[in-house]
Amino acid sequence: MTFSRRRRTADSMKRLYDWFHRYYWIIERGLGPRLERIVAGTVTAIPGVREKTALDWACGSGLLTVPLARLFRSVEGRDLSAGMLARAARRAAAAGLDIPFREGNILEPREPERSFDYVFVSFALHLFPPEEQEGILRRLLRIAREAVVVIDHGRRWNPATAIVEWLEGSHYDRYLKTDFAAMARATGAARFEERTIEGYSLLLFHR
Ligand SMILES: C[S@@+](CC[C@H](N)C(=O)[O-])C[C@H]1O[C@@H](n2cnc3c(N)ncnc32)[C@H](O)[C@@H]1O
């Protein structure tokens, strides 16, 4: 079963999140603690993490950015939606963290080559069709010195997720079938790993 008719442009995605950021707490309640546990279970194991830098693309309300900022030397966030970024800035301030958040489009990132050690993308890659995902990963791999880390839906079809993703206008159905190992080879990643953690997919594209 596929839900494949509603697709969004960057403009309509921005409008959606500039409206939906007020209600993102509905998502945050479940997603936040799981992202915290994923960070605790994986990022803490990166050797020398306290000396490294990270960029969180499509950071939304900072659910991942804030736990990353507690571990990395410095972290920045980027997102299309000013509303989501305002929410992220409030989360960082409440945690006593100084995190630069800036507006940007992941399809046109402006960061120089090798400007961050790690680049993260959580729950955003499935918003794009596979032909755009490859370009996104290629560009993010240029920005990263060490790896691009993708956290996204688990790869087993879930009916509740399918309905939410249809409303969001994402490419959940195609995401589930994407061969990310092949995509990693196409993007020139030196090494690729895929793991399931907290029921989510963790995709690691090493430079
Ligand atoms: C489901 S939310 C995930 C947010 C956050 N990473 C998290 O895990 O909670 C998807 C985010 O992607 C952002 N987004 C969608 N299209 C984007 C684009 N082209 N460039 C940058 N951000 C984008 C949205 O504004 C939204 O904040």
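Not measured: the values here are computed from a predicted model. Both counts, for ligands and for their atoms, begin at 1 and track the order of listing. We're numbering straight along the sequence, starting at 1.
At a threshold of 4.5 Å between non-hydrogen side-chain atoms, the residues Arg78 and Glu111 count as touching. Between Leu63 and Arg91, some side-chain heavy-atom pair lies under the 4.5 Å cut-off. Between Arg87 and Glu28 the shortest side-chain heavy-atom distance falls below 4.5 Å.
Using a 4.5 Å cut-off between side-chain heavy atoms of Ile, Leu, Val, Met, Phe, Trp and Tyr, with links allowed through other members, Val49 and Ile151 fall into the same hydrophobic cluster.
Listed by chain and number, the residues in a side-chain hydrogen bond (donor to acceptor under 3.5 Å, both in side chains) with Asp152 are His126 (sequence neighbours excluded).
Once rounded to the nearest 0.5 Å, the distance linking CZ of Phe20 with CD of Glu168 reads 8.0 Å.
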Protein N/O near ligand 1 N/O, under 3.5 Å, which pairs?
residue, atom, partner, partner atom, Å
ligand 1, 6 (N), Ala58, O, 2.8
ligand 1, 6 (N), Ser122, O, 2.8
ligand 1, 6 (N), Ser122, OG, 2.9
ligand 1, 8 (O), Ser122, OG, 2.5
ligand 1, 9 (O), Tyr24, OH, 2.8
ligand 1, 19 (N), Asn105, OD1, 2.8
ligand 1, 20 (N), Ile106, N, 2.8
ligand 1, 22 (N), Leu80, N, 3.3
ligand 1, 25 (O), Asp79, OD1, 2.6
ligand 1, 27 (O), Asp79, OD1, 3.3
ligand 1, 27 (O), Asp79, OD2, 2.8

